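Here is the structure we will look at, set down as structure tokens.
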Amino acid sequence: MPGSDLQRFLVGGVALLAIFSAIFHPLPAAAQDVAATKAELASAKIPAQRMKQYSDLAVQWMEEYLRIDTTNPPGNEKRAATFFKKILDQEGIENVVFEYAPGRADLWARIPHTTAQAQRPIILLNHMDVVTSDPSHWKVPPFSGSTVNGSMYGRGAQDMKDEGLAQLVVMVMLKREKTALNRDVIFLAVSDEEAAGTGTDWMIGHHRDLLGNAEFLINEGGENLLENGKVRYVGVDVGEKTPLWLHMVAHGRPGHGSRPNTDSAPNRLIRALDRVIQYRTPLKVLPVVEEFLRDMAPYEPAERAQQFRNIRDAIEDKNFQDQVERDESLNFLLRNTISLTMLGGSEQTNVIPPDAWANLDVRLLPGEDPKPFLGSIRQVVNDPDVTVDPQNAEFRVANASPTDTVLFDAIRRVAQQYFPGTPVVPRLTSGYTENQRYRPLGINAYGFSPFTATQEEGNTEHGNDERIRVEELRRGPKVLYDVVASVAGTR
Ligand SMILES: [Zn+2]
């Protein structure tokens, strides 16, 4: 979808939803926030003893789940699917395992709506595979699931066996509590997210029907940052940037290193790269980023707050442009970015090679068309002996979901109950998630985590000593249950 179409789609969707909510919700979202009380949370109806049982189950099952080695490659996610299936079968929840390749499987489960008329389903999506780990750098073995000082360790404890498990417990809670539902709740555990994404590809390719024209999807992503014992913000991912990896090759006359030649391939490459890294891609303000910065403004020093509130004006200012350039966490939100990551030339010090190459990790904003971007890079390179081409033939234009939906509103309201006074902000992330694959199906897909994590805990994702605090494991399913019940439950 070209950029202008996406923009139209987003604007159109938001306008439509605004009309819809004006008809069905007499109170604006902000007024509803104020009106919400603790008793409105669906979990308040669950007796404390049963709530404790769900928390106990979450801890016990998480330990078992972390012990299943689903390192990808090779994945072996069938083992995890079998683990989920056993629990779902015991609980009498409809489910199917699809072994789409040897050892690799997707699992689909559903709790059907209970009302005569149903709204479109909500999907709880998780991936069962985890990235590799090197036990020699870990305090405890990565597949031990052991608890040390109140934290449970294991590869996947943050990404994303924790959330997959919370989603499973929510399914069990909905079933046991006989929660009245006005839409189907679908649990979808996929394989291979950390590599080629074949699990999601297979599901969409072969069983689009089982996704039932879903309206909403909750997936990994989002960040609820815990700082000095307080949640700084509840970040909900509404869009992601997508990679456009480029391969650059310079050509030149080869020769002996003892006889320098100014137009050699490595020299040409370095000059071209210098132009590329000096190049400042245009600053752009997407509506989601504008909303995020406005929401975060009250937590910034005065000058920064002013800039965040008026970001469209701020980006015209030369000083602010320089600040953006130096601020990693702000820069990627406002432009397409280019990182030089790989370089290659001669195999020998005394040989001038005929070719020298570099790889660039480019990340494009939602809606960006790769063709004009590539054109601008070639213009910047401006050398007929230097070629720039995408590494992959396929490119999918990045997308985003609007914030004006009942699911986003539900997250806002539930988060206010658990973390009063904490802003709930929409985020654009620099990394890719499978939300990108589901949004083109007409699904509003968000990255939302029911857990909080400190910066240090968050950094263990894909790192060493990946872990989650047991108290988060105990509370997470309850938070997610309240969000799901708020969107899918009848009142
Ligand atoms: Zn993940």
Side-chain angles (χ1 to χ4, degrees), residues 62 65-66 68-81 83-84 104-107 123-134 142-143 145 152-168 170 187-204 217-225 235-243 361 363 396 398-399 401 427-439 443 445-453 455-468 472-473 476-477 480:
M62 183 64 171
Y65 190 25
L66 284 177
I68 302 169
D69 184 346
T70 51
T71 302
N72 184 16
N76 286 318
E77 298 93 339
K78 170 106 187 289
R79 299 172 186 162
F83 162 77
F84 280 149
R104 315 209 79 170
D106 291 341
L107 178 143
I123 298 172
L124 306 178
L125 174 71
N126 67 89
H127 66 81
M128 299 175 283
D129 57 320
V130 296
V131 294
T132 54
S133 48
D134 178 355
F143 295 97
M152 196 182 285
Y153 284 66
R155 177 54 89 219
Q158 291 283 337
D159 180 15
M160 66 170 296
K161 284 184 169 172
D162 55 340
E163 188 158 359
L165 203 275
Q167 293 176 352
L168 177 81
V170 166
F187 174 90
L188 182 59
V190 297
S191 292
D192 199 31
E193 190 275 344
E194 297 288 3
T198 56
T200 272
D201 280 348
W202 189 90
M203 202 66 203
I204 291 175
L217 180 147
I218 296 177
N219 184 20
E220 66 181 325
E223 180 187 38
N224 312 322
L225 185 65
V236 181
D237 295 350
V238 300
E240 302 81 25
K241 293 179 85 174
T242 45
D361 184 352
R363 304 284 169 143
R396 296 190 181 106
N399 49 43
S401 292
R427 297 198 324 162
L428 177 73
T429 63
S430 55
Y432 170 91
T433 77
E434 287 193 333
N435 285 345
Q436 290 289 327
R437 300 282 289 113
Y438 291 88
R439 288 201 193 96
I443 304 174
Y446 301 98
F448 169 69
S449 167
F451 307 107
T452 73
Q455 194 74 62
E456 194 197 349
E457 288 164 342
N459 288 344
T460 66
E461 180 176 334
H462 288 218
N464 300 324
D465 290 332
E466 189 174 349
R467 62 188 181 275
I468 182 166
E472 290 296 328
L473 283 175
L480 189 59

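Ligands are counted one by one from 1 in listed order, and the atoms in each one are counted from 1 as well. This is a predicted model, so every value here is computed, not measured. In what follows, residues are counted from 1 in the order of the sequence shown.
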Exercise. Has E461 got an N, O or S atom lying less than 2.8 Å from the Zn ion (ligand 1)?
Worked result: no

Exercise. So does R437 pair up with E193, basic N to acidic O under 4.0 Å?
Worked result: no

Exercise. Can you tell me if NZ on K161 sees more than 12 non-hydrogen neighbours from other groups inside 6.0 Å?
Worked result: yes

Seminar exercise, completed: the Zn ion (ligand 1) has as its nearest N, O or S atom from D159 the atom OD1

Seminar exercise, completed: Atom name of the N, O or S atom of E220 nearest to the Zn ion (ligand 1) is OE1

Seminar exercise, completed: Of all N, O or S atoms in H127, the one closest to the Zn ion (ligand 1) is NE2

Exercise. Should the pair E456-R467 be classified as a salt bridge under the 4.0 Å nitrogen-to-oxygen rule?
Worked result: yes

For this session: For T200 and Y438, test the side chains for any donor-to-acceptor distance below 3.5 angstrom and give the result as yes or no.
Result: yes

